[in-house]
Amino acid sequence: MDMLTPDERRVVYARLVRGFADETVAEAHRELQWTWLMAAHVVGQHDPALHFDSHRRMLTLARQTRDWGEVMGQLLRIALLPLGHLLRRIPAGNIGRATVPVTQVMRPPETVQVLIDWATLATRLPR
């Protein structure tokens with residue numbers, strides 16, 4: 001994700017968030033919503049505002065689905081977010097879920113990477 005310019009990062013992030021918010025996705029598949037959010041998190045995690053926004057959205061989805069473990073994990077991540085940015089300790093590729101350690105550097109799952117690649121390509125194609 002370091003290959004994105006700040007402007008590209010914001011556009012790619014916005015595309016991924018639109019996929020998450022798509023009503024047909026929300027009604028049909030909660031797991032697909034999580035995949036869109038994880039992709040947005042991977043893209044946005046190096047921008048403090050986008051990083052916070054991705055965790056805010058994850059917290060909201062966790063509350064809606066009554067996944068209390070995820071709620072607690074998102075609250076912890078939101079609390080640690082400023083410190084991580086101040087210390088420049090943001091783990092590349094981390095999907096942002098409570099099921100993954102906060103400091104774990106990782107390669108995103110294939111489904112997440114496909115969404116990131118799609119959004120990046122769509123952003124870079126000439127109009």
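For M72, the CE atom sits in a loose shell: 12 or fewer heavy atoms of surrounding residues, nucleotides or ligands are nearer than 6.0 Å. The local environment of CD in E110 is sparse, with at most 12 non-hydrogen atoms from other residues, nucleotides or ligands closer than 6.0 Å.
The closest side-chain donor-acceptor pair between Y13 and D53 falls under 3.5 angstrom.
M58 and I95 get closest at one heavy-atom pair: CE-O, 3.3 Å. Of all the heavy atoms in W118 and R15, the pair that sits closest is CZ3-CB, 4.3 Å. Of all non-hydrogen atoms in L50 and G44, the two that sit nearest each other are CB-O, 3.6 Å. Here the shortest heavy-atom pairing between R57 and F20 reads NH1-CE2, 4.2 Å.
To the nearest 0.5 angstrom, T111 atom OG1 is 9.0 Å from L32 atom CG.
Between the D67 side chain and the A62 main chain, no donor and acceptor come within less than 3.5 Å of each other. R30 contributes no side-chain N or O that, together with a main-chain N or O of T65, makes up a donor-acceptor pair within less than 3.5 Å.
Legend: salt bridge (charged side-chain N to carboxylate O under 4.0 Å, His left out) pairs involving residues 34-43, not counting sequence neighbours: none detected. Screening residues 69-109 for ring-ring contact (aromatic ring centres under 6.0 Å, His included) gives H51-H85 as the qualifying pairs, with residues at least two apart or on separate chains.
By the salt bridge (charged side-chain N to carboxylate O under 4.0 Å, His left out) test, R18 pairs with no residue at all, sequence neighbours left out. When the salt bridge (charged side-chain N to carboxylate O under 4.0 Å, His left out) test is applied to R63, no partner is found at least two apart in sequence or on another chain.
Two residues are said to be in side-chain contact when any heavy atoms from C-beta on lie closer than 4.5 Å; T35 and L115 meet this criterion. Side chains of H41 and L16 form no contact here, defined as non-hydrogen atoms less than 4.5 Å apart. Side-chain contact between V42 and N94: absent, with no pair of heavy atoms (C-beta onward) separated by less than 4.5 Å. At a threshold of 4.5 Å between non-hydrogen side-chain atoms, the residues Q64 and T60 count as touching. Counting heavy atoms from C-beta on, the side chains of R124 and L4 come closer than 4.5 Å.
With hydrophobic clusters built from ILVMFWY side chains whose heavy atoms lie under 4.5 angstrom apart, L61 does not share a cluster with L59. V102 and M38 sit in two unconnected hydrophobic clusters of ILVMFWY residues. Membership requires side-chain heavy atoms under 4.5 Å apart, directly or through other members.
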Distance-only donor-acceptor hits, side chain of residues 74-84, under 3.5 Å, sequence neighbours excluded:
{"residue": "Q74", "atom": "OE1", "partner": "H55", "partner atom": "ND1", "Å": "2.6"}
{"residue": "Q74", "atom": "NE2", "partner": "E70", "partner atom": "OE2", "Å": "2.7"}
{"residue": "Q74", "atom": "NE2", "partner": "G96", "partner atom": "O", "Å": "2.9"}
{"residue": "R77", "atom": "NE", "partner": "R97", "partner atom": "O", "Å": "3.4"}
{"residue": "R77", "atom": "NH1", "partner": "G73", "partner atom": "O", "Å": "3.0"}
{"residue": "R77", "atom": "NH2", "partner": "R97", "partner atom": "O", "Å": "3.0"}
{"residue": "R77", "atom": "NH2", "partner": "V100", "partner atom": "O", "Å": "2.4"}

Please table the atom pairs, donor to acceptor, closer than 3.5 Å between any side-chain atom in residues 86-93 and protein atoms at least two apart or in another chain.
none

